[in-house]
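Notes follow the structure.
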Amino acid sequence: MELSNAGDDITTQMKPHSSTPIINNEANTIHITHRSERRFLTHVLHLILRPFNNHLGRPSKPHPPGSSPLHPSNAIRKHCSVTNRRDEATGIYIADLRPLSTPEAKITKHIYYFCGGGWQTPATAQHWQTCSKLARQMPNTAISIVSYPLAPNDPAPKAFPQSLALYRRLMAQSVEEGTRVILAGDSAGGNVVLAIVLEALREDFEADAETRPPCPVAIMAISPSTDLRRDNPEIEKIKKDDPILTPPFIKSTAQAWAAEWDPADPKLSPINADISLLARAGVKVNGITGGYDILGPDGRLFRDACAAAGVSGEWLDWDKQMHCFLLTWPYGFTEAREAMGWMVDVLKEV
């Protein structure tokens with residue numbers, strides 16, 4: 001399987017033995033690409049980061065209430081047109097990115113990206129660069145960054161209904177525009193997109209209407225947080241190898257987002273939702289997990305639950321890689337660049 005690297009003119013040949021279908025459902029609907037190598041520079045990065053893992057990614061101050069406007073850098077505008085808008089019904093800001101070479105009328109696919117950051121940090125430079133790269137490498141595709149409300153001022157009991165309402169409006173808009181929708185997100189953002197789609201499908205199927213509302217054709221979950229109970233015993237086993245996340249940190253961010261909700265609630269922990277609804281609705285679930293990520297075991301459990309439920313999708317599982325390693329591609333790390341290329345190829349096929 002030849003995949004495009006994140007570099008504009010570089011390709012990488014995946015090892016033939018590294019790509020295998022999961023075998024715990026008859027249709028083999030989940031296909032997993034396994035990688036295990038860790039290059040020297042990535043190893044050095046892990047060694048540098050580990051002493052600071054109690055400080056990395058921690059917000060310096062609480063995010064203000066509500067959704068915040070999104071401000072791309074001039075570097076992003078060199079490659080993409082950026083249109084900022086505010087959804088009037090929900091108050092959520094959205095930044096739409098389109099490659100400069102693609103007129104708006106030719107857009108046929110729309111990716112809405114929910115950024116990670118422990119449900120407390122807005123879009124970073126790495127998120128903007130990643131979404132800009134997606135826009136440039138995917139003709140006829142619009143990429144939108146969604147500024148969903150963040151904890152601690154807007155925890156899930158307040159922010160989740162807003163995000164679900166926005167999802168409904170975006171899906172209705174896609175019907176009017178004739179575009180296929182993909183929801184994507186990393187870490188906490190991956191949690192939000194999985195939970196929103198599953199909750200919407202639960203409502204839709206329980207309504208038992210003759211015509212169900214539209215849903216996305218696919219999800220892309222990068223290092224998703226899928227279980228806010230944080231009680232997987234693998235977390236303690238992996239913590240010594242994780243260079244950026246610690247058990248106390250992921251427990252504190254989960255609590256900040258959950259607030260008074262039970263962390264086992266499917267709206268917080270999509271692993272507890274009825275995952276078969278994704279198969280019934282024909283929503284593909286694609287994802288990326290790393291072996292040196294304490295959230296990785298829960299992500300793989302979710303992936304396996306998708307397979308058991310007959311959900312289709314492509315997954316990249318890369319051993320010895322940290323949480324959200326793909327987002328380091330702008331710094332030239334080979335594994336991250338190849339993961340970025342893998343994601344672009346998967347999204348092109350949706």
Worksheet item: Heavy-atom distance under 4.5 Å between the side chains of Phe302 and Val285, does that happen here?
Response: yes
Discussion item. Pairing donors with acceptors under 3.5 angstrom, does anything connect the side chains of His110 and Ser174?
Written reply: no
Practice prompt. Show the numbers, then the answer: is there a side-chain contact (heavy atoms from CB on, under 4.5 Å) between Ile94 and Leu170?
Written response: CA-CA 11 Å; Ile94 301 171; Leu170 295 178; 4.1 Å; yes
Worksheet item: Taking atom CZ of Arg168 as the centre, does the number of heavy atoms from other residues, nucleotides or ligands within less than 6.0 Å exceed 12?
Response: yes
Worksheet item: Between atom OG of Ser223 and atom CD1 of Ile294, what is the distance when rounded to the nearest 0.5 Å?
Response: 11.5 Å
Practice prompt. Could you walk me through whether Thr226 and Asp298 pass the side chain to side chain donor-acceptor pair (under 3.5 Å) test, one step at a time?
Written response: CA-CA 6 Å; Thr226 62; Asp298 286 335; 5.0 Å; no
Worksheet entry | Parallel, tilted or perpendicular: rings of Phe333 and Tyr331 (30°, 60°) | perpendicular
Discussion item. Does any part of the side chain of Trp128, heavy atoms only, come nearer than 4.5 Å to the side chain of Leu70, both counted from C-beta?
Written reply: yes
Fill in: Side-chain donor-acceptor pair present, Asp186, Tyr113, cut-off under 3.5 Å
yes
Response to the item:
Of all heavy-atom pairs linking Ala264 and Arg229, the shortest is CB-CD, 3.8 Å
Fill in: Donor on one side chain, acceptor on other, Ser147 and Arg86, under 3.5 Å
no
Item to complete: Give me the one residue out of Thr289, Asp293, Asp242 that meets side-chain hydrogen bond (donor to acceptor under 3.5 Å, both in side chains) with His323.
Response: Asp293
Worksheet item: Transitively linked via ILVMFWY side-chain contacts under 4.5 Å: Tyr292 with Trp318?
Response: no
Discussion item. If I take atom CG from residue Leu150 and atom OG from residue Ser68, how far apart are they, to the nearest 0.5 angstrom?
Written reply: 7.0 Å
Item to complete: Check for a donor-acceptor pair, side chain of Arg50 on one end and backbone N or O of Asp241 on the other, with a separation under 3.5 Å.
Response: yes
Practice prompt. May I ask you to say whether Arg35 pairs ionically with Glu338, meaning some side-chain N is under 4.0 Å from a carboxylate O?
Written response: yes
Item to complete: Can you see which heavy atom on Ile145 is nearest to which on Ala123, and at what distance?
Response: CG2-CB, 4.3 Å
Worksheet item: For Lys109, does the NZ atom have more than 12 heavy-atom neighbours from other residues, nucleotides or ligands under 6.0 Å away?
Response: yes
Discussion item. Do the side chains of Glu234 and Arg300 get close enough for a salt bridge, i.e. N-O under 4.0 angstrom?
Written reply: no
Fill in: Flag, side chain of Arg202 to backbone of Asp274, donor-acceptor distance under 3.5 Å
no
Worksheet item: So, the side chain of Trp315 versus the backbone of His34: is there a donor-acceptor pair under 3.5 Å, distance only?
Response: no
Fill in: Working for side-chain contact (heavy atoms from CB on, under 4.5 Å), residues Val192 and Phe160
CA-CA 8 Å; Val192 172; Phe160 189 90; 5.7 Å; no
Fill in: CD-CG distance between Gln129 and Leu134, expressed to the nearest 0.5 angstrom
12.0 Å
Worksheet item: Considering only heavy atoms from C-beta outward, does the side chain of Asp317 approach that of Arg303 to under 4.5 Å?
Response: yes
Worksheet item: Do Ser225 and Arg230 have side chains that get closer than 4.5 Å, going by heavy atoms?
Response: yes
Practice prompt. Enter the distance from Ile143:CD1 to Ile107:CD1 here, rounded to the nearest 0.5 Å.
Written response: 8.5 Å
Item to complete: Report yes if some heavy atom in the side chain of His46 is under 4.5 Å from a heavy atom in the side chain of Arg38; otherwise report no.
Response: yes
Worksheet item: Of all residues at least two apart in sequence or in a different chain, which pass the salt bridge (charged side-chain N to carboxylate O under 4.0 Å, His left out) check with Lys251?
Response: none
Discussion item. Please find the pair of heavy atoms, one from Ser132 and one from Cys80, that lie closest to each other, and give the distance.
Written reply: OG-SG, 3.7 Å
Discussion item. Please report the interatomic distance OG1(Thr246) to CD1(Ile235), rounded to the nearest 0.5 Å.
Written reply: 10.5 Å
Worksheet entry | Derivation of the side-chain contact (heavy atoms from CB on, under 4.5 Å) call for Val350 and Met220 | CA-CA 11 Å; Val350 175; Met220 175 60 74; over 6 Å; no
Fill in: Test log, rule side-chain contact (heavy atoms from CB on, under 4.5 Å), inputs Leu278 and Leu198
CA-CA 7 Å; Leu278 295 164; Leu198 282 162; 3.7 Å; yes
Discussion item. Check the orientation of Tyr148 and Trp257. Use parallel for under 30°, tilted for 30 to 60°, and perpendicular for over 60°.
Written reply: perpendicular
Discussion item. Keeping Asn191 on the side-chain end and Leu268 on the backbone end, is there a donor-acceptor pair under 3.5 Å?
Written reply: yes
Worksheet entry | Gln162 side-chain N/O to Thr90 backbone N/O, donor-acceptor pair under 3.5 Å | yes
Practice prompt. Look only at the side chain of Asp154 and the backbone of Gly66, and say whether a donor-acceptor pair between them is shorter than 3.5 Å.
Written response: yes
Item to complete: Please say whether more than 12 non-hydrogen atoms of neighbouring residues, nucleotides or ligands are located less than 6.0 Å from CD in Glu206.
Response: yes
Practice prompt. Would you kindly say whether His127 and Thr130 are connected by a side-chain donor-acceptor distance under 3.5 Å?
Written response: no
Worksheet entry | Shortest non-hydrogen contact from Gly313 toward Asn286 | CA-OD1, 3.4 Å
Fill in: Nearest heavy atoms of Ala336 and Trp329, plus distance in Å
CB-N, 3.4 Å
Worksheet item: With side chains defined as the heavy atoms from C-beta onward, is the minimum distance between Val217 and Ile182 less than 4.5 Å?
Response: yes
Worksheet item: Can you find a heavy atom in the side chain of Leu301 that is under 4.5 Å from one in the side chain of Asp227?
Response: no
Worksheet item: Ser81 side chain to Leu100 main-chain N or O, any donor-acceptor pair under 3.5 Å?
Response: no
Worksheet item: Do the charged groups of Asp96 and Arg85 touch, with an N to O distance under 4.0 Å?
Response: yes
Discussion item. Distance check, rounded to the nearest 0.5 Å: Lys320 atom NZ versus Glu335 atom CD?
Written reply: 11.0 Å
Fill in: Single-linkage hydrophobic cluster Leu245~Leu49, side-chain heavy atoms < 4.5 angstrom
yes
Discussion item. Treating Ser163 as the side-chain partner and Ala159 as the backbone partner, does any N or O pair qualify as donor plus acceptor under 3.5 Å?
Written reply: yes
Worksheet entry | Non-hydrogen side-chain atoms of Met138 and Ile111 separated by less than 4.5 Å | yes
Discussion item. Quick check on the hydrophobic clustering: are Leu41 and Ile48 connected, directly or via other members, by side-chain heavy-atom contacts under 4.5 Å?
Written reply: yes
Fill in: Closest non-hydrogen atom pair, Ala339 against Phe325
CB-CE1, 3.6 Å
Worksheet item: Side chain of Ser67, backbone of Tyr93: donor and acceptor closer than 3.5 Å?
Response: yes
Worksheet item: If only atom types and distance count, is the side chain of Arg77 paired as donor or acceptor with the main-chain N or O of Pro72 below 3.5 Å?
Response: no
